[in-house]
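Notes to accompany the following structure.
FYI, side chains are in, hydrogens and waters are out, and symmetry mates aren't considered; it's all heavy atoms of this structure. Just so you know, ligand 1 is whichever comes first in the structure, and atom 1 is the first atom listed for that ligand. Everything numeric here is computed off the predicted structure, so don't read it as measured data.
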Amino acid sequence: MKFSPAVSSLQPSATIAAATKAKELKAQGKTIYEFTLGEPDFNTPLHIREAAIEAMNSGKTHYTPAGGVPDLLKAICQAAKRDYNLDIEPQNVVVSNGAKHSIHNVLTALCSPGDEVLIPTPYWVSYSALVELAGGVPILVEASEDDGFLPSVEALRAKVTDRTRLIMINSPSNPTGVVLPVELLREIGELAVEKDLYVLSDEIYDKLLYPGASTQCFMTLSEEIAKRTIIINGVSKAYAMTGWRIGWTIGDPALIKAINKLQSQQTSNPCSISQYAAIAALTGPQECVGEMLQEFEKRREYVVGRIKDLPEVSFVEPGGAFYVFFNVSKHFGRELPGGVTVKDSTEFCTALLEQAQVALVTGDAFGAPGFVRLSFATDMKTLEAGLDRLSEFLKN
Ligand code: PMP
Ligand code: GLU
């Protein structure tokens, strides 16, 4: 079968591919220590699930407005005021089928063929693919481990051309967990103002911050910066709601209207029941977020301690999200258990899975060769056993 150029050149999501492979091996009866997907292992809190049941039982099972029900748009505005002291109106918000869909819609709405989008590395796997799907050109701007994975404004500035349309940032970051200092966020915003660009600020992990880390919603940095800002957020990570598929975009009413138009042709609307669940998440008790965060924090402490003890491995400590991204390149070209040698992170992940049954995601997928990503959004017992095996694998 002949496919369109867009689909022919598209790679499957590496995070999802790694998780699928681990699940296939598990289905064959193998024990796999799986640290691939970035999704909370907790069940969605009870009051949110109950709101969904109530929505179904009261007949909220029909099409909704394309960009989300008015009560959810209102709840997002109220949460923005409560959480960031940000004043927005429902006309600034559009709800989509998960934050991934929100990002795709923003790029589809803004990019003309050949428009350039600056993406600091390491970046979340789907960014470059979604830019390409929208007809844009991803321009990667390297941020190195030595610089704590903080992108340099000068490096970004050097890549701005007549075709540059927007800068995509993600703090706390997937895959590094790095939280960009507020001053750096402001400098990036000022560059966007100076060069007449937009900033897509993906803040999906903003509620998952560990002690000592702090951030600020990009739209609150200054009035001028706010005009150039597009915020992406959703309920997947903070409320353990990955399967419900609710994300949103906050931006200029003209952009929101364009995305509404797109969505009306594309998906009609996000799932009605999930929208009511998201209202409960945003307006209900927020303690559940803190409780899950506390659990993540324990795991983070544990995992960081264990990875520090691994031979010839380095990393930048995550200040948020639930990933550790570590450099295993010193192990390339050496004999590993099973007599194998590997030349890159992708081969490293394959050898680790085959020899030690530990599943990680290759850094190659995040634009960072030499690294691998471990998601610690899983239970302590699996983390302990998996890290024991990883440690044995590297010491061998
Ligand atoms: N942005 C980042 C940085 C992510 O890690 C994810 C994880 N899936 C998303 C967006 C998309 O989230 P959602 O589940 O809401 O589509
Ligand atoms: N964002 C998560 C991850 O990076 C979920 C998988 C995906 O959507 O790519 O693992």
Side-chain angles (χ1 to χ4, degrees), residues 10-23 34-41 44 68 72 76 94-107 117 119-131 133 149 168-180 200-209 215 218 230-250 263 267 270-271 274-275 277-278 281-282 296 318-325 349 359-368 371-378:
L10 186 67
Q11 294 298 317
S13 158
T15 45
I16 292 178
T20 306
K21 178 150 186 214
K23 285 189 176 74
E34 193 189 338
F35 310 109
T36 52
L37 263 199
E39 74 163 336
D41 54 323
T44 304
L72 178 53
I76 292 167
V94 54
V95 179
S96 303
N97 302 290
K100 190 185 270 186
H101 185 216
S102 303
I103 297 168
H104 189 195
N105 283 347
V106 169
L107 294 166
V117 178
I119 306 176
T121 68
Y123 61 90
W124 178 45
V125 274
S126 294
Y127 286 174
S128 56
L130 292 176
V131 168
L133 267 183
F149 289 127
M168 287 175 83
I169 58 163
N170 175 217
S171 174
S173 149
N174 177 2
T176 62
V178 163
V179 182
L180 304 192
L200 181 154
S201 178
D202 179 349
E203 303 183 2
I204 191 101
Y205 295 102
D206 67 349
K207 291 200 167 60
L208 301 182
L209 285 175
T215 188
F218 209 89
I230 301 155
I231 301 290
I232 299 291
N233 213 323
V235 289
S236 286
K237 314 292 173 172
Y239 300 96
M241 290 178 71
T242 47
W244 300 76
R245 310 311 300 133
I246 294 291
W248 54 83
T249 304
I250 300 175
Q263 229 162 245
T267 61
C271 167
S274 299
Q275 291 189 57
L282 292 173
F296 286 136
F322 32 58
Y323 308 104
V324 183
F325 198 58
C349 287
L360 304 179
V361 185
T362 171
D364 294 331
F366 303 97
F371 288 78
V372 291
R373 189 191 79 175
L374 178 149
S375 161
F376 56 84
T378 194

- Message: Evaluate Ala99 for polar contact with ligand 1, using N/O atom pairs at a separation under 3.5 Å.
- Response: yes
- Is the shortest N/O to N/O distance between Arg245 and ligand 1 below 3.5 Å? yes
- Query: Which one of Met168, Lys237, Met241 has a non-hydrogen atom at the shortest distance from atom 7 (C) of ligand 1?
  - Reply: Lys237
- Give the single entry among Trp124, Tyr323, Tyr205 that approaches atom 10 (C) of ligand 1 most closely by any heavy atom. Trp124
- Check: Arg373 N/O within less than 3.5 Å of ligand 2 N/O: yes
- Give yes or no for whether the N/O distance cutoff of 3.5 Å, strictly under, is met between Gly38 and ligand 2. yes
Need the ligand 1 atom indices (1-based, order shown) with element for anything under 4.0 Å from a heavy-atom of [X].
X	result
Ser236	13 (P), 14 (O), 15 (O)
Asn170	3 (C)
Asn174	3 (C), 4 (C), 5 (O)
Gly98	15 (O), 16 (O)

- Note on the structure: When distances are taken from atom 8 (O) of ligand 2, the protein heavy atom at minimum range is Lys100 NZ, 3.2 Å
- Item | Shortest protein heavy-atom distance from atom 2 (C) of ligand 1, along with the residue and atom involved | Asp202 OD2, 3.4 Å
Ligand 2 contact on [X] by region, counting heavy-atom pairs under 4.0 Å:
X	value
Phe322	neither
Thr15	side chain
Val361	neither
Glu39	neither

- Note on the structure: Exactly one of Asn105, Ile246, Thr267 clears side chain to side chain contact (heavy atoms under 4.5 Å, CB included) with Asn97, and that residue is Thr267
Is the distance between the ring centroids of [Y] and [X] under 6.0 Å?
X	Y	result
Tyr323	Tyr205	yes
Phe371	Phe149	yes
Phe325	Phe366	yes

- Query: What's the verdict on side chain to side chain donor-acceptor pair (under 3.5 Å) for Ser128 and Tyr123, showing C-alpha distance, side-chain angles and the deciding distance?
  - Reply: CA-CA 8 Å; Ser128 56; Tyr123 61 90; 3.2 Å; yes
- Item | Salt bridge Glu39-Lys237, side-chain N to carboxylate O under 4.0 Å | no
- Task: Any chance you could measure Ile204, atom CD1, to Ser171, atom OG, to the nearest 0.5 Å?
- Result: 13.5 Å
- Task: Enter the distance from Trp244:CH2 to Cys271:SG here, rounded to the nearest 0.5 Å.
- Result: 8.5 Å
